There are 2 protein chains.
Amino acid sequence: MNPLDATHSLVRDTQPAEPCSTCGSRVAGLCHRLDASALDDISADSQRFHLAAKSVLFREGDPAQRAYSIVEGVVKLSRLLPDGKQQVVGFRFAGDILGYGAGQTYPFDAETLTGGHFCRIERGRLDSLLRLYPQMERRMLDLCLRELSNTQDQLVSVGRRSAEARVASFLIGLVEAYRQRGPLPTDLPMPMTRSDIGDFLGLTLETVSRSFASFKRQKLISEPGHQTVRILDMEALLRLTEGETAGM
Amino acid sequence: MNPLDATHSLVRDTQPAEPCSTCGSRVAGLCHRLDASALDDISADSQRFHLAAKSVLFREGDPAQRAYSIVEGVVKLSRLLPDGKQQVVGFRFAGDILGYGAGQTYPFDAETLTGGHFCRIERGRLDSLLRLYPQMERRMLDLCLRELSNTQDQLVSVGRRSAEARVASFLIGLVEAYRQRGPLPTDLPMPMTRSDIGDFLGLTLETVSRSFASFKRQKLISEPGHQTVRILDMEALLRLTEGETAGM
DNA sequence: CGGGCTTTTGATATCCTTCAACTGTTGTGG
DNA sequence: CCACAACAGTTGAAGGATATCAAAAGCCCG
């Protein structure tokens, strides 16, 4: 149960041995285990492109004309609340698919946190492909169901856990996200700001900062460089998420 | 965006004119807009049964051998947290489908709040039907995607709203749930306890009780009978959910 | 009628937010 | 290359929303 996978990371699985011939991604994407003709169809219709950090892929409310796949980079998904605050709905990594939803418009903003490579496909074309290749549709359903389960986990986390437990669960989620994508480095890139994390967990940036400070004091983590975390005591973090409820 | 639809109410839509020939349900279920042969297949494999209030349909962790459809009644979905508290993950009503998920086991408990009629089908049979009738699978995907979006809404609600805003959003969700199922009665059945509601919203039962008391004082709602609410000022409730953030 | 569950209400405790000031970091233009 | 502005992060103090603890009242159901 990965708290970071709260939404719409529709396509991902174990890593394939070879990079995808279409988009060059090394992590399993939409095209995971498709036959050659399907791959040809997709590559004919999809385009690769590069984006700098802090670029907007799409905005909440925009007509959902394309689906995107992350080849490399990190994306933040967020919703704007009526009062101007934002709720971060999830973070997405290489191999994830964005913007394929039920509605006619995107239900959230998608913004890059790092620079990276992306792949886009027209929604109409993707829909045709789904009709053409039933196993692709089946895969979408499976991944959607899994997402739903993950989002429920996030709901539990945000609804009933203390601040430190939430931050711990965020860190564990980060580890999980990287573990699913290849060998786990000791130093994990963490391109999101305290504010991003707070908006994801339903906390203020100050509270997030204090939790990080506390974890560092207890030697559960360290920050060896800018936008980098190292997990020193995974067990303790796990214990934090398991034991604690909001306990106010 | 219905906060109560936070999860897995995989199958529902506008009301069909006629009750479903298979299960007698008047609300659109899995069989919505299926052709006759599919309906025959389903009715051959599914069984109707009745259950009293506070019965268990299935438990978190049980092997997910069957999917259930609610013909009539209200069901509570919940997860047990490591420390023994429960997180209510959603409430389900007539027409909703339960227990069709990605995993091998059910991800939550399902427990009836009222007595009611249900329909069950073996998962293996349902899977075959999905393969047999692609439009059914497509429908599952659409509904799953919509669920995902609803769960994100619930996440926003729980993460960033004040106690009263959450309770207001629960009430609005209740209204929405009934509205989707037919003509809206002025007195809404509300079979869940304050504790259930609190566990759903990430609040204590006392806080829920105080919010209800406050709403009654302000004449936004009344409780004309046991387990019954009447909405007196919908606009005010909506204003509550829109305006407020946690604002601590 | 009585026992247990649900709900209400009050008093107190506490976690987290808010407000504020300061420090560190990044990036940019002179 | 340095200075400076903008942004990100840290830390402290105070206040407030909600949890916790407690007790009593209301309400079903046996």
Side-chain angles (χ1 to χ4, degrees), chain A residues 52-54 76 81 83-85 88 111 113-115 157-168 190-217 221-229 240 243-248, chain B residues 52-54 76 81 83-88 111 113-115 157-168 190-217 221-229 240 243-248:
Chain A
K54 295 180 191 174
K76 175 180 79 175
L81 302 182
D83 66 341
K85 299 190 180 175
V88 171
E111 202 174 314
L113 293 179
T114 66
S157 180
V158 165
R160 305 218 67 102
R161 297 221 260 239
S162 72
E164 291 204 353
R166 295 188 213 182
V167 176
M190 187 178 63
M192 44 294 270
T193 66
R194 307 279 127 127
S195 180
D196 291 333
I197 298 169
D199 288 340
F200 178 57
L201 298 173
L203 299 169
T204 60
L205 67 94
E206 291 96 330
T207 301
V208 174
S209 178
R210 281 184 244 268
S211 297
F212 270 91
S214 159
F215 290 171
K216 282 191 266 192
R217 246 179 280 118
I221 65 168
S222 66
E223 295 192 280
H226 184 53
Q227 299 192 329
T228 315
V229 243
L240 268 176
E244 306 297 298
T245 64
M248 244 190 209
Chain B
K54 295 178 187 172
K76 174 179 80 175
L81 300 182
D83 65 342
K85 298 190 182 175
Q86 76 170 346
Q87 169 76 29
V88 172
E111 202 173 313
L113 293 179
T114 66
S157 180
V158 166
R160 305 217 69 100
R161 297 223 260 240
S162 71
E164 291 204 353
R166 292 187 216 183
V167 175
M190 187 178 65
M192 43 293 269
T193 66
R194 308 279 127 125
S195 180
D196 291 334
I197 299 168
D199 287 341
F200 178 58
L201 298 173
L203 299 169
T204 60
L205 66 96
E206 293 95 331
T207 301
V208 174
S209 177
R210 281 184 243 269
S211 296
F212 271 91
S214 159
F215 290 171
K216 281 191 266 192
R217 245 179 280 117
I221 65 168
S222 66
E223 294 192 281
H226 186 51
Q227 297 193 329
T228 315
V229 242
L240 269 176
E244 308 295 298
T245 65
M248 245 188 207

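Computed over heavy atoms, backbone and side chain alike; hydrogens, waters and symmetry mates excluded. Lettering follows sequence order; numbering is per chain, from 1. Remember, predicted model here, so these are calculated numbers, not experimental data.
Although no hydrogens or angles enter the test, the distance criterion places no donor-acceptor pair under 3.5 Å between the side chain of A/R194 and the main chain of A/L205.
Between the CG atom of B/D196 and the C1' atom of C/dT6 there is a distance of 11 Å, given to the nearest Å. Rounded to whole angstrom, the span from the CD atom of B/Q227 across to the P atom of C/dC5 amounts to 16 Å. In this structure, B/H226 atom NE2 and D/dA25 atom C1' are separated by 15 Å, rounded to whole Å. Summarising the geometry, the separation between CG on A/D199 and P on D/dG9 is reported as 12 Å, rounded to the nearest angstrom. Computed from coordinates, the B/F212 CZ to C/dT6 P distance equals 15 Å when rounded to whole Å. Spacing between atom CE of A/M192 and atom P of D/dG9 amounts to 12 Å, rounded to whole angstrom units. If you measure from atom CZ of A/R160 to atom P of C/dC15, you get 16 Å, rounded to the nearest angstrom. Residue A/L203 contributes atom CG, which lies 18 Å from atom P of D/dA17 at whole-angstrom precision.
Between B/K54 and A/E164, the residue anchored closer to the 5' end of DNA chain C is B/K54, taking for each the nucleotide with the nearest heavy atom. In this structure, A/R194 and B/G202 both approach DNA chain D, and ranking their closest nucleotides by distance from the 5' end singles out A/R194.
A sub-4.0 Å separation between OP1 or OP2 of C/dT8 and a side-chain N or O of B/S209 is present. Proximity of A/T207 to the phosphate of C/dC16: no side-chain N or O atom is located under 4.0 Å from OP1 or OP2. For D/dT10, neither phosphate oxygen OP1 nor OP2 lies less than 4.0 angstrom from any side-chain nitrogen or oxygen of A/R210. Using a 4.0 Å cut-off, some side-chain N or O of B/T204 falls inside it from OP1 or OP2 of D/dA19.
Between A/D199 and A/K76 there is no salt bridge, since no side-chain N of the basic residue sits under 4.0 Å from a carboxylate O of the acidic one.
Surrounding NZ of A/K216 are more than 12 heavy atoms belonging to other residues, nucleotides or ligands, all under 6.0 Å away.
Across all strands shown, A/T193 has heavy atoms under 4.0 Å from sugar-phosphate atoms exclusively, and none from any base. Counting any heavy atom pair closer than 4.0 Å across all strands shown, A/G198 reaches no nucleic acid atom. Across all strands, B/L205 comes closer than 4.0 Å to base atoms (heavy-atom distances).
Remark: the A/S211 side chain and the A/S214 side chain contain no N/O donor-acceptor pair separated by less than 3.5 Å. In the model, B/T228 has no side-chain atom that pairs as donor or acceptor with a side-chain atom of B/E223 under 3.5 Å.
For B/E206, the side-chain atoms get nearest to D/dA22 when compared with the rest of D/dA22, C/dT26, C/dT17.
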